[in-house]
Amino acid sequence: MPVIHLPAELRSLADGQARVELPGERIRDLLAALYERFPDLEKPISNRMAVAIDGTIVNHPLNERLSERSEVHVLTRIAGG
Amino acid sequence: MNDPKAFRFVGSRSIRPDGVEKVTGRAQYGADLSLPGMLTGKIVRSTRAHARIRHIDVTQAMSLPGVLAVITGDDFPDLERRMLPMGEQQMDVRDFIDNTMARGKVLYHGHAVAAVAAVSPDIAAQAAELIKVEYEPLPVVMDLDAALAPQATLLHEDQVTLTMQGPVENPVPTNVAFYMPLKKGDIDTGFAAAEVVLENTYTTKTVHQGYIEPHACVADAKQGGRIDIWCSTQGPFLVRTLTALALEKPVSDIKVTPSEIGGGFGGKLAVYLEPVAALLSMRSGRPVKLVMSREEVLRATGPTSATRTRVKVGAKKDGTLTAVQAKLEFEAGAFKGSPVVPAVMTMLAAYELDHVLVEGYDIVVNKPKVAAYRAPGAPQAAFAIESILDELAGELGIDPIDLRLKNAVSEGSMAVYGPQFKAIGLKEALQAVKTHPVYADPVGPNQGRGVALGFWFNVGMQSSAAVRLNENGSATVITGNPDIGGSRASMALMAAEELGIPAEQVQAVVGNTETIGYCDVTGGSRTTFATGMAVIEAARDAVARLCERAALTWDVPVEQVSWAHGQAIHIAGDHAPLSLDEITANAIHTGGPIAGAAQVNAQDAGPGFGVQCARVQVDPETGYTRVIGYVAAQDVGKAIHPSYVEGQLQGGVAQGIGWTLNEEYIYDADGVLLNAGFLDYRVPVASDLPMIDTILVEVPHPSHPYGVRGVGETPIVPPLAAMANAIAAASGVRMRDLPISPPRLYQAITAQGA
Amino acid sequence: MSEVQYSAPANLADAVALLAGGGSPAVLAGGTDLLVQLRGGRPEPSAFIDIKRIPELTAIRMAGDVVSIGAAVPAAQITEHPELGAVFPGVVEALGLIGSTQIQGRATPGGNLCNASPAADSVPAMVASGAICRVAGPAGERRIPVEQFVTGPGKTVLRAGEFLVCLELPRPAAGTADAYLRFIPRTEMDIAVAGAAVSLTLDAGGVCTAARVAIGAVAPTVLLVPDAADALIGSRLEDNALNEAGAAASAIARPIDDKRGTVAYRKAVVGVLTRRAAKIAYQRAQGGAA
Amino acid sequence: MSRNHVSTTVNGEPVEFLCDTSQSLLSVLRDELGLIGTKEGCSTGDCGACSITLDGRLVCSCLVLGVEAQDRSVGTVEGVADHQVLHPLQQKFLEHAALQCGICTPGLIVAAKALLEKNPDPSEEEVRYWLAGNLCRCTGYDKIIRAVLDAAATLR
């Protein structure tokens, strides 16, 4: 099952968990499952966060495919000068 | 991924398409457009750093002959507080309006309070003088200590500390707008494993991007509601969005044409003038030009944060880092939104670390709201960590490059801020500097060298591109990103590469918001990466059309046609190749004009790592530091146009040297900026600097068709610490507060000798 | 609309008449201070009297015992002069330090003096070399030693209608040379944090027989430092003489804290500059390269 | 009051204009004569973007009054190229990528041209000090200095 890693600042919205295993063939399924379990995560993640799927950063995740062993990290979106 | 050796045009040093106009003085920058009937606008600015506005009297100004419009903050909409996603940034729409023109309170000296439009600059200036603002002064909050003090004066009575999750528990009004921790492992465990622990505090002052062209725009509100805006900006679509917001108009009513841009470095991602000029134009029915003076630029546009960073590192005697803890406090200026978040995330990105706690605080003070400045937040954070690691190397007797090599991330490492690194060239850059003469040569008396590394994420985001083929086989490439440092040359090279024609046959054009699809800003080191990706895809789209036309010409299935070296080739070889110009010349018979287009939301920008070494000589009798050698190495992925890549490295280094040695905002006790000009805001001049050697390390980024990484921001991250480390080596004095100006260094040298 | 007049008189008499003619006229030489001050909010004058078309003000004269430099000669013309630098290397290098190349094309010794900034680069050098100010006005001409010309920041001895014609430098005795050094945070483009000028005369044996030391940016006006000169006189500028001269300069300095430097820093640096400038002047007086 | 009438020469051509007394020559060039190649970066003589020559001497046009141009000869960036042919400095700026944003470029070209007319074989240090009044925030000056030295060699 894919694993989603939450940054420290969001863990209190997920019962303190740093990693959550959830089913999903696409990132949207995984996130939907995450939000179902922890509804408070949806707003901060969709507003401010990007994900890194097996090392590839996706700022606006949608249909990206996952494998059974995918590691997804949630991180803050970045701008620049 | 293309084989790097297979590039025909990419990697060459072509002449930039806009070059002739720029060396002959014909290129039009922000202040260069004049329209018939145009009025001159002028902004009235606060003479107080913190005060309630009791009353603004505009009657005298309005009655001055030649004055056609006067506006104040009350003329802008009273928007609900909400965060507007701006690409990767977020902006509080209410703060944006309040910063555009003060309402209720002024929050920094120079804060706009009113604006006029008149038939001449003289009359506009007289009218501005006639606007009387009555203030109720409030105590000023000019630094972190004042902002954080118990019973501190509050800039925003309704502001509470937010986190990523929302307000903190039991929120109370405060000047601390935002708190963000970054945690990994357990720092107590990490420090318990350490054999050496160092802890120090590092500070930086407010500094400005210092672009040479002041902000400027012309707005022309037409009868019927449409508005044309011409301006110097890093983001024409951003100007459109924010002007529409401020005027409560649909974006489709506004056309923004970016002029040539005379520098930005992030500072022209902020919008100040355009909504004001547009409103003045709407009120007067005439085009209105607004141009800032240098003084206005320094007083009222975004500099970057003054900062204080407490950092503690633990290490084994062999140099292996066991833990890092840091607390970063960043001044945001008058409104929340300092770059403390990227500072927290970048600070330790270059190192393998199991135990980390980095906490960031975003704190408001009575200074102009900070704007992005080249790798926002990262230089200040790097100054702290790269200085203390130099101190650690000294403590342990380890070569500073070896210390970093021992702990540096490489392909497969997990970055402390989340993702796993793909192919990166950090260790290659460290090795390259180690053998460079600036690092390797012996040092003379009062001389020293200092090393530091730097990291910036780089970004992708949205870009559109169009490639249009002309009947003679040449091409025009259109994007929506203002060319701030030679990007047209890179766009031309990438299109040339795909089409198989020389770059000289490709004209690269920056479109306006109506001639090209949406493009995010020129910023985040994204243009060559993301817009370049769009150009490559648009050119490939055009090539697909060219192959179709060849197939039609030959009457063969398109699958039998390939494209190479600017020619359509019949794979089976039954037909002689058709060159691009032959196909375009014959286009009328095969379906008409040929073009390609692409729209991308580029993900997964390649991170940028740089390593720099400064060599300085200190005059111990005056505290003067002379830079006598400098080398900057950086993993650039693939240098599309090496000269402009080198130029990014050199320019970032120069800004970093200025930041280290002399640049700072100097305020008096009332919050008035004392050095609002280039005389005493001391940016480096030509005679201050040596040649800046560059080493382009090319580890292709796997997520870009050519391996491109953004390069523009990373170069300003290492210099602060590289310089401070070199000065420490040369003078024997460790300077932990910037700038290391001659009086400060002299004082420290004297204190140490005493 | 502005009512400001502009005149460019062709001779001294016309200039005197215009300046004495009422209103609040401003003398326009290079304009590098005046125009900056106007943009910065200084009230507009009633008229600009452009003195750059008056022969006496735009000439460098080397004949005779007195070298005369017109008040409105641009610094660039002075640094390019074929002979001046050999006689007054310190005065010439001080004028050459005012601002950028562009500023050099406009800034004048008269303007640098009359602007009466404590930090003016050319003034310590003029003082060290004993320059005399030739002033024209409604009551005729008068001559004033340069160290008495400036009375405070922005203030001079000029009376209404008077203006500076030229600076007259007595030709120095054999074995004399001068030098000027200033400290700025960058290499160019800054206002002096401290400055020191030294003019000294050596006898055949290399012993200093006469000296004048002047320091800038460390008091409301440029200061002559007799104690520093005394320390040098009679010496071959051995280290103790140099140190004593430097200490004398530091001691007499009474600078302020501002955005360009602190009291302690300026006092220290002016001593360093005095030592270093004396050494350069000494080498020059010996005929050595410097 | 009527504006001042000024007859002068700009880039070798006779020019007449009207200006206010306090109006800078920079403003005259840009706003009255449409010569926008001369840029305004500070208006205090600190950035060099408005560099021009006045009777052959390099000056900041922000610190010259328009009225002072009477009977003088003004040179701006628009007069550097010979009709359709770029001056070697302009060519070398392009070849060395000595401009990024380009706002300082006209001033630098005017200033460097004045240098090479005075000193055809300057050292790197001489170029750096001559150009110290021309701020560039993009390039770190490296490529600008190389372009000027290369142009000097070409011109010799």
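Sequence lines set the chain letters: A, B, ... in the order given, protein chains first and strands last, and positions in each chain run from 1.
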Query raised in the report: Would you call E646(B) and R146(D) a salt bridge, taking side-chain N to carboxylate O under 4.0 Å as the test?
Result: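 Result for this pair is no, no salt bridge flagged.
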Requested in this report: Would you sort out whether R128(D) and D688(B) count as a salt bridge (Lys or Arg N to Asp or Glu O under 4.0 Å), showing the intermediate values?
Outcome: CA-CA 8 Å; R128(D) 286 187 182 277; D688(B) 291 338; over 6 Å; no
Chain D contact via [X] - which portion, at a heavy-atom distance below 4.5 Å:
| X | answer |
| --- | --- |
| S34(B) | neither |
| P690(B) | backbone |
| V20(B) | both |
| A27(B) | backbone |
| E260(B) | neither |
| V683(B) | both |
| Q648(B) | both |

Query - Residue pair L689(B) / Y141(D): nearest heavy atoms and the distance that separates them - result: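 That would be CD1-CD1, 3.7 Å.
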Query raised in the report: Any idea which heavy atoms bring C138(D) and F265(B) closest together, and the distance?
Result: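 C138(D) and F265(B) have their closest heavy atoms at SG-CZ, 3.7 Å.
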Rounded to the nearest 0.5 Å, how far apart are [atom1] of [X] and [atom2] of [Y]?
| X | Y | atom1 | atom2 | value |
| --- | --- | --- | --- | --- |
| Q90(D) | T24(B) | CD | OG1 | 6.5 Å |
| L35(D) | D32(B) | CG | CG | 11.0 Å |
| I145(D) | S687(B) | CD1 | OG | 9.0 Å |
| K143(D) | Y644(B) | NZ | OH | 9.5 Å |
| C101(D) | I212(B) | SG | CD1 | 7.5 Å |

Between [options], which has the largest tally of heavy atom pairs under 4.5 Å with chain B?
| options | value |
| --- | --- |
| E125(D), E95(D), E124(D) | E124(D) |
| L99(D), L131(D), V80(D) | L99(D) |
| G41(D), C104(D), C136(D), C47(D) | G41(D) |
| I109(D), T139(D), V110(D) | T139(D) |

Is a side-chain N or O of [X] found less than 3.5 angstrom from the main chain of [Y], in a donor-acceptor match?
| X | Y | answer |
| --- | --- | --- |
| D142(D) | I692(B) | yes |
| E213(B) | I103(D) | no |
| R137(D) | Q655(B) | no |
| R16(B) | Q100(D) | yes |
| R13(B) | H96(D) | no |

Query raised in the report: Where do T105(D) and K22(B) land on the side chain to side chain contact (heavy atoms under 4.5 Å, CB included) test, with the steps shown first?
Result: CA-CA 7 Å; T105(D) 308; K22(B) 286 183 175 163; 5.5 Å; no
Query raised in the report: Is the closest side-chain heavy-atom distance between L135(D) and F678(B) below 4.5 Å?
Result: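 A side-chain contact exists here, since the closest heavy-atom pair is under 4.5 Å.
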**Report entry** Structural part of L86(D) lying under 4.5 Å from a heavy atom of chain B
**Finding:**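 Interface part for L86(D): side chain.
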